[in-house]
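Below, each value reflects all heavy atoms present in this structure, side chains not excepted, and no hydrogens, waters or symmetry copies. In this text, all values refer to a predicted model and were calculated from it rather than measured experimentally. Per chain, numbering begins at 1; letters A, B, ... match sequence-line order.
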There are 4 protein chains.
Amino acid sequence: MKILLSNDDGVFAEGLSCLHDELAKLHDVTVIAPDRNCSGASNALSLHQPLRIQKMKNDFYSVNGTPSDCVHVGINQFLEEDPQLVVSGINHGANLGDDVIYSGTVAAATEGRYMGLPAIAVSLASKRGEHFQTAAKVVCDMIEHLIAHPLPADQILNINVPDVPYEQLKGVEVTRQGRRHRAESMVKDTDPFGRDIYWYGPAGSEQDAGPGTDFHAIARGYASVTPLSVDMTAYKSLEAMQHWLKKKYNNSSNKEQ
Amino acid sequence: MKILLSNDDGVFAEGLSCLHDELAKLHDVTVIAPDRNCSGASNALSLHQPLRIQKMKNDFYSVNGTPSDCVHVGINQFLEEDPQLVVSGINHGANLGDDVIYSGTVAAATEGRYMGLPAIAVSLASKRGEHFQTAAKVVCDMIEHLIAHPLPADQILNINVPDVPYEQLKGVEVTRQGRRHRAESMVKDTDPFGRDIYWYGPAGSEQDAGPGTDFHAIARGYASVTPLSVDMTAYKSLEAMQHWLKKKYNNSSNKEQ
Amino acid sequence: MKILLSNDDGVFAEGLSCLHDELAKLHDVTVIAPDRNCSGASNALSLHQPLRIQKMKNDFYSVNGTPSDCVHVGINQFLEEDPQLVVSGINHGANLGDDVIYSGTVAAATEGRYMGLPAIAVSLASKRGEHFQTAAKVVCDMIEHLIAHPLPADQILNINVPDVPYEQLKGVEVTRQGRRHRAESMVKDTDPFGRDIYWYGPAGSEQDAGPGTDFHAIARGYASVTPLSVDMTAYKSLEAMQHWLKKKYNNSSNKEQ
Amino acid sequence: MKILLSNDDGVFAEGLSCLHDELAKLHDVTVIAPDRNCSGASNALSLHQPLRIQKMKNDFYSVNGTPSDCVHVGINQFLEEDPQLVVSGINHGANLGDDVIYSGTVAAATEGRYMGLPAIAVSLASKRGEHFQTAAKVVCDMIEHLIAHPLPADQILNINVPDVPYEQLKGVEVTRQGRRHRAESMVKDTDPFGRDIYWYGPAGSEQDAGPGTDFHAIARGYASVTPLSVDMTAYKSLEAMQHWLKKKYNNSSNKEQ
């Protein structure tokens with residue numbers, strides 16, 4: 001299978017090279033990844049300056065941009081043939097619950113989806129970063145699944161894996177996104193010149209981590225697989241809102257529909 | 001009402017000051033916006049360097065970061081009291097369909113939602129940028145609506161408004177996100193030193209712009225209001241996937257649930 | 001006189017607008033300055049990404065680049081007619097001794113010199129930043145001098161002015177660059193994620209601040225005017241070194257000369 | 001000898017690893033270099049954000065900053081013991097004449113000088129970049145020279161080497177900086193969104209390239225060694241200017257001296 005592999009920790013990250021090595025045993029893998037750590041980059045695109053691509057000694061490609069840039073320029077310009085799958089990771093650290101919206105790892109997968117391709121994001125749910133191998137194997141399992149059971153065209157998979165040896169993994173659960181508490185206070189500090197600065201601190205703790213959530217799976221030693229929709233429309237709210245607008249604006253349009 | 005206003009076109013954008021002036025007639029408005037144009041910033045957070053806040057001559061605050069940074073640092077650190085609403089815009093240009101995922105305008109609203117507040121994103125659906133006033137008035141209408149009918153806690157409103165005088169607006173429609181075609185080829189070029197560079201070009205044309213979509217509303221002269229969910233879980237896919245995983249891993253966990 | 005005015009504190013700095021207002025009483029002044037604070041930018045040029053110029057409400061032009069970029073793009077592209085003088089400042093803080101090599105303020109003047117124009121850099125030697133007016137007046141005095149006594153084609157003027165009312169200024173001295181002690185230890189810290197970071201701290205104290213230096217003038221209440229050469233060749237060392245090389249390489253070339 | 005090696009082409013540049021390998025045959029070499037290409041960075045310091053240092057697989061250190069940052073943080077914080085020499089290069093492309101003021105390669109050497117250490121900058125004067133080895137050998141020759149004949153405390157060496165095999169090198173000449181013509185017009189273009197952008201083009205051609213200049217040496221197949229002074233004071237101009245100021249301000253100070 002032709003696979004485009006990217007990440008958000010940057011082209012030198014251990015998780016990237018571990019996943020590359022595992023995927024390359026079975027597949028034809030091209031790596032295009034950011035030249036710097038892009039954690040927190042979300043789906044940002046570099047619209048204001050041009051991208052440059054550079055081949056590294058290990059044949060990985062390095063881009064002066066975001067994870068989304070890497071996938072976009074790879075598919076749209078750089079690869080002679082479209083890949084059949086986009087994989088992003090292995091992120092060093094969890095992407096659970098609300099993390100998803102900020103994650104560059106998830107964003108690279110989303111970008112693959114927008115380019116018309118099935119896509120998987122994978123993270124090792126730990127700051128230690130010892131067992132990337134386990135996450136790499138879970139990805140290989142899920143690819144096998146996707147070949148047999150393709151995802152709907154507006155979905156991607158977000159996988160988180162506990163940092164344990166593969167044999168100690170309890171299993172894999174399908175989950176929904178949990179929720180974090182509102183982030184802890186940022187850290188206010190002064191730089192050495194006495195000027196106020198503000199740093200983000202670690203993410204908030206779990207607020208909704210009950211059964212069925214990605215947090216709950218990880219906490220119990222399971223990998224979590226969360227199918228994410230790239231259509232964010234809140235369908236449940238459409239009707240109630242339409243009612244009010246009809247009264248307010250007396251839309252003829254709403255009758256048409 | 002206490003309102004935190006931000007945008008992604010930057011603290012000097014015309015759409016920002018127009019919306020400020022309109023909101024300030026009725027509300028207590030604080031503006032915190034990026035010091036540079038952040039179109040395409042999505043929900044990116046500046047995790048790797050500290051933020052700085054600077055007060056401008058017009059009492060707007062300027063931040064060396066992204067739209068999400070502005071809202072986060074504003075609520076978490078800078079404002080003495082929480083605002084009651086976060087508004088983001090008026091973006092110069094549409095945020096329709098897939099644009100939403102890349103939009104810094106929408107991201108600033110999303111960040112408000114994560115901080116526990118109702119939030120609205122608004123864009124003027126035109127590159128000419130003549131009738132920001134119209135969009136500002138639609139926002140005021142929608143605030144009136146939200147006061148009476150609060151959104152669920154995981155939703156924001158994404159509003160797009162045609163670039164016409166308010167009197168010529170056909171009405172306001174509740175819509176779902178449409179879809180764009182896969183983006184046009186990027187532009188490959190060489191810089192003056194002869195090195196290859198790649199630019200993003202304009203967004204792709206509409207692929208799903210049928211009745212009910214945001215594209216369809218705008219095309220017919222209506223403002224579109226799309227409620228967006230910040231929970232991206234694809235609930236429809238959970239069950240089918242769970243079935244396969246149970247077979248593959250023989251998870252005891254799935255029985256527990 | 002047609003003057004191009006720039007700075008390194010950015011297009012919104014108080015020192016820039018103060019100097020603009022004073023110069024505009026007598027001259028035809030165009031302001032092109034960086035969109036962000038560029039202290040410490042030295043003569044850096046943005047070779048890897050394109051520059052953009054934006055007109056602000058006050059008719060100043062803002063550039064997404066360095067002080068050198070502003071002067072270069074202004075003269076090379078943007079201004080219809082060459083200015084007759086480049087002025088840079090008023091920097092908020094001294095540019096004395098070794099500061100010169102790192103200063104974006106001095107660099108903007110140097111760039112003017114490379115473009116073939118006389119050039120002046122000016123700094124208010126204080127962190128309080130109260131009497132920019134005094135520095136603005138000293139600049140006007142020096143322009144009067146330059147008109148009568150043009151500088152050689154490889155020199156610029158670097159002016160530092162004490163932060164006192166003009167009437168309290170003791171006078172103006174021609175000086176040489178002093179020397180600072182090797183900078184104080186940088187500040188090692190950890191970011192909120194526990195990763196090592198290193199900050200520059202304030203500049204080192206004076207090492208060579210004796211009579212004749214810029215430090216000495218400022219310390220006694222005088223403005224300092226230091227003519228700087230943009231040719232850095234250490235002419236004194238040429239001969240001794242030539243001797244050794246002749247022996248080592250037995251250069252026939254050295255005989256030719 | 002303990003050597004700190006840096007460059008401005010970035011930690012992955014071929015010229016850096018070639019020079020490392022040659023120096024490491026005889027010396028104890030630590031490499032600290034920018035994580036990205038910093039051509040044109042001049043002496044810029046990252047005063048507004050903290051630096052981070054990362055060890056690469058080949059034991060080189062990578063810094064998210066400029067060449068000057070690399071040398072400064074290396075000596076001031078990171079190395080347990082001061083090096084005895086700072087070397088910067090091998091730059092891919094010439095640093096002749098006016099280039100010196102913009103060059104990150106020369107700046108890294110200058111920073112070493114400010115930190116109290118002898119310093120050498122070296123560039124391969126060609127865009128082909130074939131014979132880095134030749135430049136590496138000339139550096140080794142010059143180190144031998146410096147050990148026997150230390151430079152004055154305010155000077156560094158700027159070396160340019162023709163891109164030929166070492167055996168074809170005609171010799172090494174001590175030179176002064178030549179001068180380039182005012183740079184060619186920048187390139188004005190539009191980005192794919194129709195907005196004006198401005199690119200730097202190649203440097204101007206030689207204006208002063210006569211006998212004795214660095215240009216002249218390179219053109220004839222010799223390496224050029226230019227001693228540069230980090231004191232930019234234009235001593236020749238001090239007296240004449242002092243005369244005028246005395247009349248203008250009637251300085252009592254000038255009598256004191």
Testing the basics here: between [X] and [Y], what is the closest heavy-atom pair and its distance to 0.1 Å?
{"X": "A/Gln77", "Y": "B/Met186", "value": "NE2-O, 2.9 Å"}
{"X": "B/Gln155", "Y": "A/Ser237", "value": "OE1-OG, 2.6 Å"}
{"X": "A/Thr233", "Y": "B/Thr175", "value": "CG2-O, 4.3 Å"}
{"X": "A/Leu47", "Y": "B/Gly40", "value": "CD1-CA, 3.9 Å"}

For chain B, which of [options] has the most heavy-atom pairs under 4.5 Å?
{"options": "A/Asn64, A/Asn158, A/Asp98", "result": "A/Asp98"}
{"options": "A/Val73, A/Val225, A/Asp141, A/Thr110", "result": "A/Asp141"}
{"options": "A/Ala107, A/Ala240, A/Ala148, A/Ser229", "result": "A/Ser229"}
{"options": "A/Thr226, A/Val230, A/Ile75", "result": "A/Ile75"}
{"options": "A/Arg180, A/Arg195, A/Arg36", "result": "A/Arg195"}
{"options": "A/Ser46, A/Ser68, A/Cys38, A/Pro152", "result": "A/Ser46"}

*Report the C-alpha distance between B/Arg52 and A/Asp191 in whole Å, list the side-chain angles of each, state the deciding distance to 0.1 Å, and finish with yes or no for salt bridge (Lys or Arg N to Asp or Glu O under 4.0 Å).*
CA-CA 10 Å; B/Arg52 301 171 187 273; A/Asp191 71 16; 2.8 Å; yes
*Mind checking what makes salt bridge (Lys or Arg N to Asp or Glu O under 4.0 Å) contact with B/Lys188, not counting sequence neighbours?*
B/Asp196
Interchain contact, [X] with chain B, by part (heavy-atom threshold 4.5 Å):
{"X": "A/Asn37", "answer": "both"}
{"X": "A/Leu157", "answer": "side chain"}
{"X": "A/Asp189", "answer": "neither"}
{"X": "A/His145", "answer": "both"}
{"X": "A/Thr66", "answer": "neither"}
{"X": "A/Gln177", "answer": "both"}

*Give the member of B/Ala41, B/Ala44, B/Gly116, B/Ser103 that has the highest number of heavy-atom pairs under 4.5 Å with chain A.*
B/Ala44
*Relative to each other, are the rings of B/Phe78 and A/Tyr198 parallel, tilted or perpendicular (30° and 60° limits)?*
perpendicular
_Quick check on A/Lys127: does its NZ atom have over 12 non-hydrogen neighbours (other residues, nucleotides or ligands) under 6.0 Å away?_
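Correct, the count exceeds 12.
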*In this structure, are over 12 heavy atoms from other groups packed under 6.0 Å from B/Glu239 atom CD?*
no
*Regarding A/Tyr200 and B/Gln49, is there a side-chain donor-to-acceptor distance under 3.5 Å anywhere?*
no
*Can you find a pair of side-chain heavy atoms, one from A/Arg176 and one from B/Asp231, that are under 4.5 Å apart?*
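They are not in contact (no side-chain heavy atoms under 4.5 Å apart), so the answer is no.
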_Walk me through whether A/Met241 and B/Leu151 qualify under side-chain contact (heavy atoms from CB on, under 4.5 Å)._
CA-CA 9 Å; A/Met241 193 169 275; B/Leu151 281 178; 3.6 Å; yes
*Give a yes or no on whether a salt bridge exists between A/Arg179 and B/Asp154, defined as a side-chain N under 4.0 angstrom from a carboxylate O.*
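A salt bridge is absent here (no side-chain N lies under 4.0 Å from a carboxylate O).
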*asked:* Between B/Tyr114 and A/Ile101, is the side-chain contact (heavy atoms from CB on, under 4.5 Å) condition met? List the steps.
replied: CA-CA 10 Å; B/Tyr114 276 117; A/Ile101 210 91; 3.5 Å; yes
*Considering only heavy atoms, which portion of B/Val100 lies under 4.5 Å from any heavy atom of chain A: side chain, backbone, both, or neither?*
side chain
*Take A/Glu111 and B/Tyr102 through the test side-chain contact (heavy atoms from CB on, under 4.5 Å) and record every step on the way to the result.*
CA-CA 10 Å; A/Glu111 191 65 21; B/Tyr102 306 109; 2.6 Å; yes
